[in-house]
Amino acid sequence: DGGITQSPKYLFRKEGQNVTLSCEQNLNHDAMYWYRQDPGQGLRLIYYSQIVNDFQKGDIAEGYSVSREKKESFPLTVTSAQKNPTAFYLCASRRGGNEKLFFGSGTQLSVL
Amino acid sequence: RKEVEQDPGPFNVPEGATVAFNCTYSNSASQSFFWYRQDCRKEPKLLMSVYSSGNEDGRFTAQLNRASQYISLLIRDSKLSDSATYLCVVNIRYNQGGKLIFGQGTELSVKP
């Protein structure tokens, strides 16, 4: 079955540590996105990529980094510079343009 | 003013009630529109796309008013299983692609 796979489902970060969230899709979608969701709030865009080897900052990119070396994969690194990383992280993809968005099941990141 | 604004919730309704959600958007370059449903701590799932002529899917009806820049979602004969947060999503033409803007969500609670 085609879809988007995020891992891990739960992740704990120690202070000063970088952690990487995985996102893989086999939908052959060009565009991929990372969102952050805090309790009771909407989704905020961290980074997005419309094509392999290219990505753009979203509204809250500080303290995060991404890469897009393969069409299928768009990992997100939460760096130690992100002082408040506890949140629900959602990866999404779509074919492009005006198409609808498909989401992974999310990663809950917490700070130890 | 936020780019996409939804009715503040929560909406608490009895089973069988009809409930309507509204969403306004500010960018006239908005091209496509969607309603997503999100259950607690899960990923958003597409409920329906919104077409200019309006569209219906069972108990759900979506309307778009481009002149007034709002979209609506009507749920008839509410079920307990409709309890969730409903997200309005607007796609804006941006950089040869599209930029998706999410509303903050409206929570619906259907009671027996």
Side-chain angles (χ1 to χ4, degrees), chain A residues 3-7 9-11 21 23 25 27 29-52 54-61 68 86-110, chain B residues 2-10 21 23-25 27 29-52 55 57 62 64 66 71 84-109:
Chain A
I4 304 175
T5 302
Q6 281 188 246
S7 62
K9 192 172 178 66
Y10 299 97
L11 185 59
L21 284 60
C23 178
Q25 54 98 359
L27 298 166
H29 287 170
D30 287 313
M32 297 188 74
Y33 304 79
W34 274 106
Y35 292 92
R36 169 181 172 140
Q37 187 174 34
D38 292 280
Q41 298 193 31
L43 277 67
R44 292 185 289 166
L45 182 64
I46 305 172
Y47 268 98
Y48 65 103
S49 167
Q50 303 211 65
I51 197 167
V52 175
D54 186 51
F55 50 82
Q56 308 292 332
K57 291 182 179 180
D59 302 315
I60 55 164
R68 185 87 187 276
T86 297
F88 189 50
Y89 290 85
L90 286 157
C91 179
S93 72
R94 64 177 178 170
R95 213 157 43 179
N98 290 323
E99 300 290 322
K100 60 194 175 204
L101 209 56
F102 293 84
F103 285 90
S105 56
T107 294
Q108 175 64 49
L109 175 63
S110 303
Chain B
K2 292 181 182 175
E3 287 190 89
V4 176
E5 286 202 71
Q6 294 187 235
D7 287 335
F21 302 135
C23 171
T24 58
Y25 60 94
N27 194 319
S30 300
Q31 290 182 305
S32 52
F33 309 86
F34 309 93
W35 282 103
Y36 279 75
R37 170 199 168 120
Q38 186 177 26
D39 293 287
C40 190
R41 287 335 216 170
K42 297 282 183 78
E43 75 275 22
K45 293 188 177 175
L46 180 69
L47 182 63
M48 51 199 307
S49 303
V50 187
Y51 302 119
S52 296
N55 48 303
D57 182 3
L64 166 63
R66 286 191 185 271
I71 68 173
T85 296
Y86 291 83
L87 300 169
C88 167
V89 184
V90 174
N91 185 73
I92 298 170
R93 191 184 311 121
Y94 184 79
N95 275 359
Q96 300 180 352
K99 181 178 179 182
L100 290 151
I101 310 293
F102 284 77
Q104 77 276 23
T106 301
E107 185 182 343
L108 171 66
S109 180

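A, B, ... follow the sequence lines: proteins, then strands. Residue 1 opens every chain. These numbers come from the heavy atoms of this one structure, side chains and all, not from hydrogens, waters or symmetry mates. Model, not experiment: these values are computed from the prediction.
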Engineer: Please identify, among R44(A), Q108(A), Q6(A), Q41(A), the residue contributing the most non-hydrogen atom pairs under 4.5 Å to chain B.
Structural biologist: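 Among the listed options, the one with the most contacts to chain B is Q108(A).
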
Engineer: For L101(A) and L100(B): C-alpha separation, side-chain torsions, deciding distance, then whether side-chain contact (heavy atoms from CB on, under 4.5 Å) applies.
Structural biologist: CA-CA 9 Å; L101(A) 209 56; L100(B) 290 151; 3.6 Å; yes

Engineer: CG of N91(B) to CZ of R94(A): how many Å apart, nearest 0.5 Å?
Structural biologist: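 Output value for this atom pair is 4.0 Å.
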
Engineer: What part of L90(A) is in contact with chain B, defined as an atom under 4.5 angstrom from a non-hydrogen atom: side chain, backbone, both or neither?
Structural biologist: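 Looking at L90(A), just its side chain touches chain B.
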
Engineer: Can you tell me how far the OH atom of Y35(A) sits from the CZ atom of F102(B), to the nearest 0.5 Å?
Structural biologist: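 Going from OH on Y35(A) over to CZ on F102(B), the span is 4.5 Å.
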
Engineer: Enumerate the salt bridge (Lys or Arg N to Asp or Glu O under 4.0 Å) contacts for residues 40-50 of chain B, please, sequence neighbours excluded, ordered by first and then second residue.
Structural biologist: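 Listed once each, the pairs would be none.
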
Engineer: When only pairs under 4.5 Å are counted, which of P39(A), A31(A), G104(A), A92(A) shares the most heavy-atom pairs with chain B?
Structural biologist: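 Highest number of pairs under 4.5 Å: G104(A).
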
Engineer: Determine the option with the most heavy-atom pairs under 4.5 angstrom with chain A, choosing from G9(B), S49(B), S32(B), P44(B).
Structural biologist: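 Counting heavy-atom pairs under 4.5 Å, the top option is P44(B).
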
Engineer: Does any heavy atom of chain A fall under 4.5 Å from the side chain of Q38(B), the backbone, both, or neither of them?
Structural biologist: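 Side chain only.
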
Engineer: Sort D59(A) into side chain, backbone, both or neither according to what part of it lies under 4.5 angstrom from a heavy atom of chain B.
Structural biologist: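 Side chain only.
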
Engineer: Applying ring pair (Phe, Tyr, Trp, His ring centres under 6.0 Å), can you list everything that pairs with Y33(A), at least two apart in sequence or on another chain?
Structural biologist: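 Testing Y33(A) for ring pair (Phe, Tyr, Trp, His ring centres under 6.0 Å), a comparison that skips the adjacent residues, returns none.
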
Engineer: Set out, in order, the CA-CA distance, both residues' side-chain angles and the distance that settles side-chain contact (heavy atoms from CB on, under 4.5 Å) for K99(B) and Y48(A), then state yes or no.
Structural biologist: CA-CA 9 Å; K99(B) 181 178 179 182; Y48(A) 65 103; 5.9 Å; no

